[in-house]
Amino acid sequence: MTRPNVLRKATSIDDLRNIARRHVPRAFFEYADHGSYTQSTMRANRSDLEAIRLRQRVAIDVDSRDLSTTIIGERAELPLALAPIGLCGMQYGDGEILAARAAQEAGIPFCLSTMSICSIEDVAAAVDKPFWFQLYVMRDRGFVRSLIERAIEAKCSALMPTLDLQILGQRHCDIKNGMTVPPEITFSNVMDVATKPSWAWSILKGKRKTFGNIAGHISGMDSVNTLAQWMSQQFDPTLNWKDMDWIRSIWPGKIILKGIMDVEDAKIAASLGVSAIVVSNHGGRQLDGAKSSISELEKIVDAVGSDVDVMFDGGIRTGQDVLRALALGAKSCMVGRAFVYGLGAGGQAGVSKAIDILKKELDVSMALTGTRSVREITSGILAH
Ligand code: FNR
């Protein structure tokens, strides 16, 4: 169910967040909205971005502007990709398919999470263009191999191993809300869902109600309880750089390593000959107390930017934020919550709205800094 009137009035990602909060049950809204522990790193992602001031320039002809670029060698209409998000399909039924379609329409990459509700095959069947697949390396390496093989079969155009979730950071809200997939039937959940009929309808109509890449692909893992138990034991603290060789031996295509926050790690990652790395602290959902991802970006670009494309995510809520990250050397950015709020607010139209808001803000802000193309964005547009 789209909500054209509500969406039309939204003028910012914050508006989409407020709409999503009204339409998505609390357990799933807070799952997306919150960070780990005290949430200090999540807050720093925002406040450090906002603290970066841009240089206002005038009397430069900026009539013709071009926001297109290339991301890992492929043309993109914006320097932006949709980040991998677990459980998108619990923000809105078939959420991953809808987000992938919105990304395709906007001409930007979409990355499907290992922990998605729609499966790799569901998304491949629903979109024409290739998408990226994000990989969690789990203890069951046979299963990880089969995931990579399924991504090859689905013609995914890049594999994105995520390195910063070898063990799960805790979000207090998920425990307090009893967040389970599918939702547990408790009195407060039922009351909450009862006040969110359009959400319930979209989920009912959706293809799947549980982890689509996992359920049905591991024997004995069809019941919800055993699946949850299996997954909680599957994140693998032994994950190390040697595993990258193993991934390479199976995956022949482009690789983007996600979750780099340290110059030493960036140097190792760049030496592996990958297509890109993503400077990311998982949106402040893992190591609470880590620095904001924007505060580490420039150092990492200085260290490895000539060897590998450096992408950025964490805290982007405006086009100005995209501009700030590009000015500090990112080749492109990913957004997580910004599009998830759009999805919760209004399905595919909501994701398109989120992308459109970021695009227009980026376009206007580029013009006001005297910049005509993504190539022209340098640290010279920052006010020091
Ligand atoms: C994530 N993120 C994430 N990353 C990943 O590699 N695999 C995943 O399954 C998920 N799942 C996920 C769920 C939700 C609800 C959020 C908010 C985030 C992290 C994500 O890809 C990205 O790094 C952050 O979202 C970026 O920060 P912002 O844009 O949300 O502030």
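Every number for a ligand or one of its atoms is a count from 1 in the order of the listing. Positions are given from 1 along the sequence. Since the structure is predicted, the reported quantities are computational estimates derived from the model, not experimental observations.
In this structure, a donor-acceptor pair under 3.5 Å is absent between the side chains of Asp309 and Ser275. Under 3.5 Å, the side chains of Asp288 and Ser40 contain a donor-acceptor pair of N or O atoms. Counting only N and O atoms by type, the side chains of Asp33 and Tyr341 include a donor and acceptor under 3.5 Å apart. A side-chain donor from one of Asp66 and Ser68 sits under 3.5 Å from a side-chain acceptor of the other.
For ligand 1, the atoms sitting less than 4.0 Å from at least one non-hydrogen atom of Gly315 are 27 (O), 28 (P), 29 (O), 31 (O), numbered in the order shown with element in parentheses. When each atom of ligand 1 is checked for a heavy atom of Thr162 under 4.0 Å away, the hits are 5 (C), 6 (O). Near Ala32, meaning under 4.0 Å from one of its heavy atoms, ligand 1 places the atoms 15 (C), 17 (C). For ligand 1, the atoms sitting less than 4.0 Å from at least one non-hydrogen atom of Ser280 are 23 (O), numbered in the order shown with element in parentheses. Under a 4.0 Å criterion applied to the non-hydrogen atoms of Arg317, ligand 1 contributes the atoms 28 (P), 29 (O), 31 (O). Atoms of ligand 1 found under 4.0 Å from any heavy atom of Ser113 (numbered from 1 in listed order, with element): 8 (C), 9 (O).
Here Ile85 has heavy atoms under 4.0 Å from ligand 1 in both its backbone and its side chain. For Gln134, every heavy-atom contact with ligand 1 shorter than 4.0 Å involves the side chain, none the backbone. Heavy atoms of Met42 found under 4.0 angstrom from ligand 1: none, in either backbone or side chain. Of the heavy atoms in Lys258, only side-chain atoms (C-beta onward) come closer than 4.0 Å to ligand 1.
Geometrically, ligand 1 and Tyr31 share no nitrogen or oxygen pair separated by less than 3.5 Å. Residue Arg337 places at least one N or O, backbone or side chain, under 3.5 Å from an N or O of ligand 1. The shortest N/O to N/O separation between Val335 and ligand 1 does not fall below 3.5 Å.
Between the side chain of Asp313 and the backbone N or O of Gly283 there is no donor-acceptor pair closer than 3.5 Å.
Atom 20 (C) of ligand 1 has its nearest heavy-atom neighbour, among Gly336, Pro84, Gly283, in Pro84. Between the choices Ser293, Gly35, Gly86, the shortest heavy-atom distance to atom 11 (N) of ligand 1 belongs to Gly86.
Ranking the protein heavy atoms by distance from atom 7 (N) of ligand 1 puts Tyr136 OH, 2.9 Å first. Closest protein heavy atom to atom 23 (O) of ligand 1: Asp313 OD2, 2.7 Å.
Contact record, Arg317 with Ile13: O-CG1, 3.1 Å, taken as the closest heavy-atom pair. For the pair Ile277 and Ala269, the tightest heavy-atom approach, listed with the atom from each and the gap, is CG2-CB, 3.8 Å. Counting all heavy atoms, side chain and backbone alike, Leu16 lies closest to Lys353 at CD2-CG, 4.1 Å.
Put simply, the side chain of Arg101 reaches to within 4.5 Å of the side chain of Ile97, judged on heavy atoms.
In this structure, Trp199 has its ring center no closer than 6.0 Å to that of Phe29.
Separating the NE2 atom in His23 from the CG atom in Leu343 is a distance of 13.0 Å, to the nearest 0.5 Å.
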